[in-house]
Amino acid sequence: MTKWDSFDFDAWKDLYQTDPFAFESRRQATLMIEAARCGPAARETVAMLIAQKPSRDRQVRLEGSLNQLTRSMAVLAIHLNALARTLSQPASAQPLAGGTPGPDQDPRPSPATV
């Protein structure tokens with residue numbers, strides 16, 4: 001059972017339609033709880049969601065969601081490119097944990113670093 005199995009979409013929909021202020025309070029509380037569980041990068045997105053005022057205008061909501069999706073995809077592309085660069089380097093060129101030279105690397109400092 002996932003956490004979404006117990007999520008009551010109809011209750012949220014009804015709350016939004018009957019009491020928008022209570023809906024907004026619950027939305028912000030839920031987002032703050034989720035922000036506490038997230039890493040630093042995700043916290044920024046959650047903070048933007050909390051600051052975002054809900055709109056009854058479907059077009060405005062869709063544009064906001066598209067903007068957030070576009071920003072998220074840009075961040076993902078940056079991280080994927082960095083990963084691809086790291087993986088494309090030869091194993092001997094990648095630093096080992098702890099800074100210990102690998103078997104192919106000269107443990108002596110180069111003249112440029114002395």
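Not measured: the values here are computed from a predicted model.
When the side-chain contact (heavy atoms from CB on, under 4.5 Å) test is applied to Thr30, the partners found at least two apart in sequence or on another chain are Trp12, Arg26. In this structure Asp19 satisfies the side-chain contact (heavy atoms from CB on, under 4.5 Å) test together with Leu15, Phe21, Ala22, sequence neighbours excluded.
Note that OG of Ser88 and CG of Leu83 are 9.5 Å apart. Values are rounded to the nearest 0.5 Å. Note: Leu80 CG to Met73 CE = 8.5 Å, rounded to the nearest 0.5 Å.
Judged purely by atom type and a 3.5 angstrom limit, Thr18 uses its side chain to pair as donor or acceptor with the backbone of Asp14.
In this structure the side chain of Val75 never reaches within 4.5 angstrom of the side chain of Arg71, judged on heavy atoms.
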